[in-house]
2 protein chains.
Amino acid sequence: MAVFIGTFENKVDQKGRVSVPAVFRQTLAGLSFNGIVAFRSHRADAIEGCGMDFMEQMIARVSEIDLFSETHDDLATTIFSDSQQLPFDGTGRIMLPQGFRDHAGITDRAAFVGMGQLFQIWHPDALERHKAEARDRARSQRLTIPTGGGGAR
Amino acid sequence: MAVFIGTFENKVDQKGRVSVPAVFRQTLAGLSFNGIVAFRSHRADAIEGCGMDFMEQMIARVSEIDLFSETHDDLATTIFSDSQQLPFDGTGRIMLPQGFRDHAGITDRAAFVGMGQLFQIWHPDALERHKAEARDRARSQRLTIPTGGGGAR
DNA sequence: TTGACACCCATGAAATCCCATGATATCCCA
DNA sequence: TGGGATATCATGGGATTTCATGGGTGTCAA
């Protein structure tokens, strides 16, 4: 099972390269594509990242939605058409395309955030704000983890 | 099932390393990640610890929520972004990151407290105070543990 | 020919490995 | 059941590796 946990801030060099955190690289190791799959988040000023295995899962899930429905098309267009395969170089870095950097407002620093089965890439300051907001919402709405069974376990 | 009970105080050396109690290590043995997963407790000045199996459960449950929904993102961000994987070295020690030490006020000693399926890491003195308070509350409110039968589960 | 990009090497800081030590707990046999 | 032999454990510190980062060079295509 893919596990992305933690927050890591790395530098973006003049060529637009960033090191993907070593722990993330390890969970991505051994997949059919040696790198990450990334696309613009449509909800936030961030880049979504995952491994090729997860992308395959998403394709499978989306294909369960009625083909030719508006939802299907919108999802497919937003996510799949925008996705890019970003291969690792010899030292575990990826090239963040300019379009992605623009979308997330990333210039010389990038923050990788584990989201469980996928991760996001943010401008470090924007991420801090987002984290605080997410925490507040989670608390005020008393969000809890769904349990597998009936009640508390 | 993971079981963490008891209290153990160990030293934090100059490199920031602490031995995880051997009994805890045994219940953590054989998981997909050889180490602990830790995050700041939002209720106390302590670090929460668990095994990767626990985190995988959390991920599985969060992933039951619609992907890219606000609820999913808020939960995932809140839970996973501030967690860290802390691997064991050859002798069963972990490196306590500075941020965690700051949060818990830990300098040269750390107390590991079993909490059932999780454990906590405290500054020994803070833990003593906390234990006394918890005992008092439990006594004055006559707290009970729900049984599996009639009531909550 | 001029970017964009893949590949290569170098570097310092930080994390990890490895070995040694003493203390404690456990085992085993009388 | 006592007590010595043996293993386990926590701890310390030096050596080694990993990691993030910087820059150079070659190659391909516009």
Side-chain angles (χ1 to χ4, degrees), chain A residues 4-30 33-38 47 49 84-102 106-114 119 121-124 127, chain B residues 4-30 33-38 47 49 52 83-102 106-114 119 121-124 127:
Chain A
F4 299 104
I5 283 173
T7 301
F8 307 86
E9 180 180 328
N10 287 334
K11 292 185 182 170
V12 181
D13 69 15
Q14 291 185 328
K15 298 181 182 177
R17 296 178 300 183
V18 219
S19 280
V20 174
V23 269
F24 286 14
R25 268 183 272 151
Q26 275 167 24
T27 86
L28 291 167
F33 169 66
N34 184 236
I36 76 169
V37 180
I47 304 302
Q84 290 199 37
Q85 295 176 245
L86 309 178
F88 292 137
D89 71 7
T91 60
R93 282 179 291 199
I94 54 168
M95 252 278 304
L96 266 189
Q98 189 61 50
F100 285 3
R101 272 180 276 165
D102 291 344
I106 291 171
T107 54
D108 59 338
R109 295 178 300 140
F112 290 76
V113 207
F119 59 92
I121 311 175
W122 288 76
H123 183 291
L127 174 62
Chain B
F4 300 105
I5 28 180
T7 301
F8 307 86
E9 180 179 329
N10 287 334
K11 291 185 183 172
V12 180
D13 69 16
Q14 290 186 328
K15 295 182 181 177
R17 296 178 300 183
V18 220
S19 280
V20 172
V23 270
F24 286 14
R25 267 183 273 151
Q26 275 166 25
T27 86
L28 291 167
F33 169 67
N34 184 236
I36 76 168
V37 179
I47 303 302
M52 187 48 93
S83 300
Q84 285 202 44
Q85 306 181 52
L86 309 178
F88 291 138
D89 71 7
T91 60
R93 282 178 291 197
I94 54 168
M95 250 275 303
L96 266 190
Q98 190 61 51
F100 283 0
R101 273 180 275 165
D102 291 346
I106 290 171
T107 54
D108 60 337
R109 294 177 301 139
F112 289 76
V113 202
F119 59 92
I121 311 175
W122 288 76
H123 183 291
L127 174 63

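A, B, ... follow the sequence lines: proteins, then strands. Residue 1 opens every chain.
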A.B. asks: Rounded to the Å, how far apart are Q14(B) CD and dG14(D) P?
C.D. replies: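 Roughly 10 Å, once rounded to whole Å.
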
A.B. asks: At under 4.0 Å between heavy atoms, what does D13(A) touch on the DNA or RNA strands: base, sugar-phosphate, or nothing?
C.D. replies: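 Touches sugar-phosphate only.
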
A.B. asks: Nearest heavy-atom pair of G35(B) and L28(B): which atoms, and what distance?
C.D. replies: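 Shortest heavy-atom contact: O-CD1, 4.3 Å.
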
A.B. asks: Would you kindly give the CG-to-C1' distance between D89(A) and dC19(D), to the nearest whole Å?
C.D. replies: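 The answer, rounded to whole Å, is 13 Å.
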
A.B. asks: Between Q84(B) and dA15(C), is there a side-chain N or O to OP1/OP2 distance below 4.0 Å?
C.D. replies: no

A.B. asks: Would you kindly give the NZ-to-P distance between K11(A) and dA13(C), to the nearest whole Å?
C.D. replies: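 So the two atoms are 12 Å apart, to the nearest Å.
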
A.B. asks: From the options dC9(D), dC8(C), dC18(C), select the nucleotide whose nearest atom is closest to the side chain of R93(B).
C.D. replies: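 Closest nucleotide among those given: dC18(C).
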
A.B. asks: Need one value for E9(B): base, sugar-phosphate or nothing, where a base atom within 4.0 Å counts as base even if backbone is also close, heavy atoms only.
C.D. replies: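 No contact.
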
A.B. asks: Can you give one letter per nucleotide of nucleotides 24-30 of chain D, 5' to 3': B if a protein heavy atom sits under 4.0 Å from the base, S if only from the sugar-phosphate, - if neither?
C.D. replies: B------

A.B. asks: Within a 6.0 Å radius of atom CD on Q14(A), are there more than 12 heavy atoms belonging to other residues, nucleotides or ligands?
C.D. replies: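 It does not: Q14(A) CD has 12 such atoms or fewer within range.
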
A.B. asks: Expressed as a whole number of angstroms, how long is the span from F8(A):CZ to dT21(D):P?
C.D. replies: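 Those two atoms, CZ and P, are 12 Å apart.
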
A.B. asks: Does P87(A) reach a base, just sugar-phosphate, or nothing at all? Heavy atoms under 4.0 Å.
C.D. replies: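 Nothing, no nucleic acid heavy atom in range.
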
A.B. asks: Among dC9(C), dT11(D), dA10(D), which is the nearest nucleotide to the side chain of T91(A)?
C.D. replies: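 Looking only at side-chain atoms, T91(A) lies closest to dC9(C).
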
A.B. asks: Figure out the CD/P separation between Q26(B) and dT26(C), and round it to whole Å.
C.D. replies: 11 Å

A.B. asks: Rounded to whole angstroms, how far apart are CZ on R109(B) and P on dG12(D)?
C.D. replies: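 The distance from CZ of R109(B) to P of dG12(D) comes to 13 Å, rounded to the nearest Å.
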
A.B. asks: Got a second to check how far F88(A)'s CZ is from I94(A)'s CD1, nearest 0.5 Å?
C.D. replies: 7.0 Å

A.B. asks: Does the R101(B) side chain pair with the main chain of L96(B), one donor and one acceptor, at a distance under 3.5 Å?
C.D. replies: yes

A.B. asks: Rounded to the nearest Å, what distance is computed from the CZ atom of residue R25(B) to the P atom of nucleotide dC9(D)?
C.D. replies: 6 Å

A.B. asks: Closest approach of I5(A) and Q84(B), non-hydrogen atoms and distance?
C.D. replies: CG2-N, 3.9 Å

A.B. asks: Nearest of dA15(C), dC17(C), dA10(D) to any side-chain atom of N10(B)?
C.D. replies: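 When the side chain of N10(B) is considered, dA10(D) is the closest of dA15(C), dC17(C), dA10(D).
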
A.B. asks: Return the value, rounded to whole Å, for the distance between atom CD1 of I94(A) and atom C1' of dC5(C).
C.D. replies: 14 Å

A.B. asks: What is the bend of the helix from dT1(C)-dA30(D) to dA30(C)-dT1(D) when you compare the axis at one end with the axis at the other, using five pairs each and rounding to 10°?
C.D. replies: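 Angle reported: 50°, given to the nearest ten degrees.
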
A.B. asks: Check the angle between the aromatic planes of F24(B) and F8(B) and answer parallel, tilted or perpendicular using the 30° and 60° thresholds.
C.D. replies: perpendicular

A.B. asks: Side-chain contact test, heavy atoms from C-beta onward, threshold under 4.5 Å: evaluate it for D13(B) versus R93(B) and give yes or no.
C.D. replies: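 Heavy-atom side-chain distance check passes, below 4.5 Å.
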
A.B. asks: Does Q98(B) place a side-chain N or O at less than 4.0 Å from the phosphate oxygens OP1/OP2 of dA15(C)?
C.D. replies: no

A.B. asks: Could you tell me which non-hydrogen atom of K15(A) sits nearest to which non-hydrogen atom of M95(A), and how far apart they are?
C.D. replies: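 Minimum heavy-atom contact is O-SD, 3.0 Å.
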
A.B. asks: Can you name the nearest heavy-atom pair linking G114(A) to F119(A), along with the distance?
C.D. replies: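 Between these two residues, the closest heavy atoms are CA-CB, 4.2 Å.
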
A.B. asks: Return yes if some donor-acceptor pair links the side-chain N/O of N10(B) with the main-chain N/O of S19(B) below 3.5 Å, else return no.
C.D. replies: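 Yes, N10(B) side chain to S19(B) backbone: donor-acceptor pair under 3.5 Å.
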
